[in-house]
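Here is the structure we will look at, set down as structure tokens.
If you read the sequence from its start, that first residue is 1, and numbering goes on from there.
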Amino acid sequence: MKKNTLIIFIFLLIPAILQAREIQILYSELPPFMFKKNSRPAGFYHDLLMEMKAEMDHISFSFEHLPVKRLLLKLRQVPGTMCLGITRNPKREKLFKWVGPSIPRRVGVYRLKSRDTLKLESTADFEKYTFGVGRGFAAIQDLLKHGVPMEHISQVSKDSANIIKLFRH
């Protein structure tokens with residue numbers, strides 16, 4: 001009887017073992033949606049994923065924080081990886097299997113309030129200024145589309161560096 005019970009138990013466990021899976025989640029800084037807090041992932045996307053995971057007992061997640069450019073490269077090279085918070089655009093459309101979107105995308109250009117002489121009234125005005133953008137961000141393609149020369153796009157590995165540069169000028 002014990003032998004039969006053990007065999008039944010093993011056969012019941014096999015589907016759970018076969019379905020058990022760890023998915024590597026890649027993420028970058030995109031507050032408030034995804035960011036690192038106390039060396040751990042945090043933000044709206046993380047919270048949403050954890051809510052969904054509560055319904056999927058057989059799946060576990062491991063998280064890795066990377067700059068966007070490296071994240072995109074790893075996402076293409078390593079099977080079984082997933083990313084939270086990259087922009088879906090025509091250039092990336094066929095590179096990945098997409099789920100979402102979770103939020104509509106808006107791109108903003110910022111200046112200090114005190115720099116009221118800086119104005120963007122037409123696409124021709126975009127050529128006059130330098131823009132800080134996170135390295136690998138889809139906003140680079142948006143700026144190029146609006147006529148900003150590549151030499152006027154300053155790429156940084158952490159988007160917070162752009163805020164620091166903004167206040168220095």
Around atom NZ of Lys91, are there more than 12 heavy atoms of other residues, nucleotides or ligands at under 6.0 Å? no
Between the CD atom in Gln141 and the NE2 atom in His146, the distance rounded to the nearest 0.5 Å is 12.5 Å
Give, for atom CD1 of Ile25 and atom OG of Ser62, the distance between the pair rounded to the nearest 0.5 Å. 7.5 Å
Of the non-hydrogen atoms in Ser157 and Pro67, which two are nearest, and what is the gap between them? O-CB, 4.3 Å
Distance-only donor-acceptor pairs under 3.5 Å for side chains of residues 29-42, two or more places apart:
from, atom 1, to, atom 2, distance (Å)
Glu29, OE2, Lys36, N, 3.2
Glu29, OE2, His65, NE2, 2.9

If you draw a 6.0 Å radius around CZ in Arg111, do more than 12 non-hydrogen atoms from other residues or ligands fall strictly inside? yes
With rounding to the nearest 0.5 angstrom, report the CD to NZ distance, Gln24 to Lys74. 4.0 Å
Looking at every non-hydrogen atom in both residues, tell me the closest pair between Gly134 and Asn162 and how far apart they are. N-ND2, 3.8 Å
Under a single-linkage definition using a 4.5 Å side-chain heavy-atom cutoff for Ile, Leu, Val, Met, Phe, Trp and Tyr, are Leu166 and Val156 assigned to the same hydrophobic cluster? no
Co-membership, hydrophobic cluster, residues Phe167 and Tyr110, 4.5 Å side-chain: no
How about Tyr27 and His46: are their ring centres within less than 6.0 Å of each other? no
Any side-chain heavy-atom pair of Phe63 and Leu49 under 4.5 Å: yes
Is there a path of hydrophobic side-chain contacts, each under 4.5 Å between heavy atoms, that joins Met82 and Leu73? no
For Lys128, all residues meeting salt bridge (Lys or Arg N to Asp or Glu O under 4.0 Å), sequence neighbours excluded: Asp125
Just checking, any donor-acceptor pair under 3.5 angstrom between side chains of Ser154 and Lys165? yes
According to a hydrophobic-cluster definition based on side-chain heavy atoms being under 4.5 Å apart (Ile, Leu, Val, Met, Phe, Trp, Tyr only), do Tyr45 and Met56 belong together? yes
Through direct or indirect side-chain contacts below 4.5 angstrom among Ile, Leu, Val, Met, Phe, Trp and Tyr, which residues connect to Ile86? Leu26, Leu66, Val68, Leu71, Leu72, Leu75, Leu95, Phe96, Trp98, Val109, Leu118, Leu120, Phe126, Tyr129, Phe131, Val133, Phe137, Ile140, Leu143, Leu144, Val148, Met150, Ile153
Is the number of heavy atoms from other residues, nucleotides or ligands under 6.0 Å of Glu55 CD greater than 12? no
When you look at CD of Glu51, are more than 12 heavy atoms from neighbouring residues, nucleotides or ligands closer to it than 6.0 Å? no
